[in-house]
Amino acid sequence: MILTNKIKIHRAINNLTQEELAERTGVTRKTINTIENGKFVPSTILALRIAQAFNVRVEDVFQIEE
Amino acid sequence: MKNSIVEKYALRKKRSIIWFTSGWSIWYGSFIIKDFIRDPYLLGAIVLLGLLGGVLFAKNLLGMFRLKKQIAAQKGLEEVLNDEMVQYNRLMAFRTSYLITLALIGIMNLIAVFMSSGNVITLQILLFTAVLSGLISFIFYDK
């Protein structure tokens, strides 16, 4: 079971850089980068903050793959 | 919090930890090694190297306190620089350090069966390894 995400797609839709998303969610750019690349699984709070930054539901950004 | 400021302080923090680790390994490493050296010239060189390491260690320790103060002075910066990934990396570094120290205790126990070693040197080696492995693994996880 792995957690996949569509951060890159949502960033492109919203015309946001990793730096800008990091600024909006209160983490470092490196954290956003590792989440986007699937190397780090964010907490529920951070996942919700990321979704909030894109104005979408959390399940639109993060999905579980069996 | 502006990301350029975050990046600047994150880099300073990282550099500070790297120099602090170098200082610790040089200073405390030579402090341990000096007891095993018989040659007076080599001993002198090791003591000198240890002193340089000590200066490097102390300078960076003070620098880290200063940096902590500067970070705390800027609203929200401390939380960003200590975000959940940094906390996770720190936890992993502690875990690695704990396992390495446990393994070293096991090895030293095995050595103690065949030869006796002083309590002080054993504690010094354990302290050196525990601190160094924690710092190095944090640098590794946080890269």
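Below, chain A is the first sequence line, B the second, and so on; all start at residue 1.
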Cluster overlap [X] with [Y], hydrophobic side-chain contacts below 4.5 Å:
X	Y	value
Leu126(B)	Phe128(B)	yes
Leu46(A)	Ile64(A)	yes
Met92(B)	Val27(A)	yes
Val131(B)	Tyr28(B)	yes
Tyr98(B)	Ile107(B)	no

message: Is Asn82(B) close to chain A through its backbone or its side chain, or both, or neither, when contacts mean heavy atoms under 4.5 Å?
response: neither
task: Not counting sequence neighbours, which residues clear side-chain contact (heavy atoms from CB on, under 4.5 Å) with Leu48(A)? List them please.
output: Thr44(A), Val58(A)
query: Would you say Asp39(B) has more than 12 foreign heavy atoms packed within less than 6.0 Å of its CG?
result: yes
- prompt: If you look at every heavy atom in Val6(B) and Thr28(A), which pair is closest and at what distance?
  reply: CG1-CG2, 3.8 Å
field: Contact listing (chain B partner; residues 29-40 of chain A; heavy atom under 4.5 Å)
entry: Arg29(A), Lys30(A), Thr31(A), Thr34(A), Phe40(A)
Any donor-acceptor pair under 3.5 Å from Glu84(B) side chain to Ser43(A) backbone: yes
